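The shown structure was predicted, so the numbers you read here are calculated from the model rather than taken from an experiment. These values consider heavy atoms only, across backbone and side chains, with no hydrogens, waters or symmetry-generated copies.
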Amino acid sequence: MAKRESALTLSRMVHFTLFGIPVYIRPSFWVVLAIFGGALSISSVEDLIYPALFVIAGFVAILSHEMGHALVGRKLGGGQQTIVLELFGGLTSSHGMQLTRGGRALMILAGPMMTLLLGIISLWLTWNIVAPVMTSYNLNFWDLAISPFTAALISPKLYILSCLIMIGEWWTILNLLPIYPLDGGQLIAQYIRSPRKVFMTGFITAILIGLLSFQLFHGYFIPIFMALFAYSNYREYKNAPF
């Protein structure tokens with residue numbers, strides 16, 4: 001998702017360069033990851049390890065996702081790519097890049113494919129390193145994919161692999177939904193000329209996924225997440241010109 005950042009704003013962030021691409025990190029990025037990792041329930045110094053491992057896993061997964069966008073965009077269209085990590089994810093901005101519609105579609109898909117690859121590598125490592133541990137605790141890969149906190153009861157190594165599996169597989173599926181500004185929504189926007197149709201598709205999809213996830217998992221996180229997307233897409237639908 002493209003976004004312009006002023007040079008002054010970017011200079012105030014933590015930043016580094018990877019493969020020639022500047023990466024900037026807002027403080028909100030670390031805060032949100034830590035909260036999702038359970039930082040609010042810390043009661044002792046020993047409890048810090050699992051939120052810290054979740055932050056590391058989230059950082060690796062989200063950075064690899066955005067790096068997929070940036071590297072493919074640079075390869076296909078040139079220009080300068082910039083990555084900003086913030087809140088729930090990241091943004092890849094492109095300056096001076098020339099891409100065809102097919103090139104933009106490939107750039108959009110590159111992010112989820114990188115995240116999926118990370119999840120597959122984590123599955124392979126789990127199979128080859130900690131499979132005996134899983135067997136002794138009567139766990140399977142499904143347990144790891146849906147609940148890293150189950151893995152946390154066994155070992156930090158299994159926990160971080162479980163986080164990477166969960167983020168790599170589930171975030172890929174979520175991010176490919178046709179909901180703007182997720183990658184799936186940006187992808188259909190390359191082929192649907194009417195912004196109103198793009199945003200209405202996102203609105204309906206977010207409502208359906210929110211209701212379905214509540215029925216299946218009886219949790220509130222995904223429904224709340226989908227409600228925010230539904231509101232955002234409906235607002236954009238009302239303001240779209242056609």
Side-chain angles (χ1 to χ4, degrees), residues 1-3 26 28-29 31-41 51 54-55 57-59 61-62 64-66 68-69 84-92 105 108-109 111-116 118-119 141-151 162-192 194-240 242:
M1 183 172 137
K3 183 178 180 179
R26 294 185 187 276
S28 60
F29 177 76
V31 172
V32 171
L33 280 181
I35 291 173
F36 280 130
L40 296 180
S41 61
F54 185 88
V55 168
F59 170 71
I62 294 170
S64 66
H65 178 102
E66 297 303 326
H69 289 313
V84 178
L85 304 182
E86 60 180 357
L87 291 175
F88 298 101
L91 296 166
T92 297
I108 292 168
L109 284 172
M113 293 305 100
M114 283 292 288
T115 315
L116 178 62
L118 182 65
F141 287 116
W142 178 249
D143 296 318
L144 297 186
I146 65 173
S147 181
F149 296 104
T150 299
S162 180
C163 287
L164 289 171
I165 292 169
M166 182 189 71
I167 295 170
E169 308 305 330
W170 289 105
W171 178 245
T172 298
I173 294 172
L174 176 66
N175 203 35
L176 286 174
L177 292 173
I179 302 171
Y180 201 89
L182 296 178
D183 288 332
Q186 294 191 55
L187 186 62
I188 66 169
Q190 304 302 314
Y191 299 96
I192 298 178
S194 168
R196 289 174 67 88
K197 290 182 179 179
V198 172
F199 294 129
M200 181 51 65
T201 299
F203 172 75
I204 294 172
T205 303
I207 293 295
L208 292 176
I209 294 298
L211 292 173
L212 181 62
S213 64
F214 183 76
Q215 290 293 322
L216 292 177
F217 304 111
H218 305 289
Y220 292 97
F221 172 70
I222 295 179
I224 291 174
F225 207 47
M226 289 297 114
L228 293 174
F229 278 128
Y231 170 75
S232 174
N233 276 261
Y234 183 73
R235 185 181 60 186
E236 294 294 339
Y237 167 79
K238 296 288 287 185
N239 294 329
F242 60 93

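Below 30°, between 30° and 60°, or above 60°: for Phe225 and Trp171 the angle between ring planes is between 30° and 60°, a tilted geometry.
Here Ile167 contributes atom CD1 and Asn175 contributes atom CG; the two are 12.5 Å apart, rounded to the nearest 0.5 Å. Once rounded to the nearest 0.5 Å, the distance linking CE of Met226 with CD1 of Ile207 reads 10.0 Å. Atoms CE and OG1, on Met113 and Thr172 in that order, are 6.5 Å from each other to the nearest 0.5 Å. To the nearest 0.5 angstrom, Ile222 atom CD1 is 7.0 Å from Leu174 atom CG. One distance of note links CG of Leu109 with CD of Gln190; it measures 10.0 Å at 0.5 Å rounding. Between atom CG of residue Leu176 and atom CG of residue Leu187 there is a gap of 8.0 Å, rounded to the nearest 0.5 Å.
Two residues are said to be in side-chain contact when any heavy atoms from C-beta on lie closer than 4.5 Å; Phe229 and Ile209 fail this criterion. Side-chain contact between Met200 and Asn233: absent, with no pair of heavy atoms (C-beta onward) separated by less than 4.5 Å. Side-chain contact between Leu87 and Arg26 is absent, with no heavy-atom pair separated by less than 4.5 Å. Using a 4.5 Å heavy-atom threshold, the side chains of Phe54 and Leu33 count as touching. Pro178 places none of its side-chain heavy atoms less than 4.5 Å from the side chain of Gln186. Here the side chains of Val198 and Glu236 are not in contact, with every heavy-atom distance at 4.5 Å or above.
Open room surrounds OH on Tyr234; 12 or fewer heavy atoms of other groups in view lie less than 6.0 Å from it.
Remark: aromatic rings of Phe199 and Phe203 are distant, center separation not under 6.0 Å.
No donor-acceptor pair under 3.5 Å is formed between the side chain of Thr205 and the backbone N or O of Gly202. Using modelled atom types, one side-chain atom of His65 and one backbone atom of Gly111 make a donor-acceptor pair closer than 3.5 Å. Judged by distance alone, with hydrogens and angles left aside, the side-chain atoms of Ser194 form a donor-acceptor pair with the main-chain N or O of Phe242 at under 3.5 Å.
Across His69 and Pro112, no two heavy atoms sit closer than the pair CE1-CD, 4.1 Å. Between Ser64 and Leu118 the shortest heavy-atom distance is OG-CD2, 3.9 Å.
Counted by atom type alone, Glu66 and Thr92 present one or more donor-acceptor pairs between their side chains at under 3.5 Å.
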Let me have the donor-acceptor pairs involving side chains of residues 34-41, under 3.5 Å, with sequence neighbours excluded, atom names and distances please.
unit_1 : atom_1 : unit_2 : atom_2 : d
Ser41  : OG     : Gly38  : O      : 2.8

*Might you work through the side chain to side chain contact (heavy atoms under 4.5 Å, CB included) test for Phe59 and Leu85, ending with a clear yes or no?*
CA-CA 9 Å; Phe59 170 71; Leu85 304 182; 3.9 Å; yes
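With sequence neighbours left out, Tyr237 forms a side chain to side chain donor-acceptor pair (under 3.5 Å) with Arg196.
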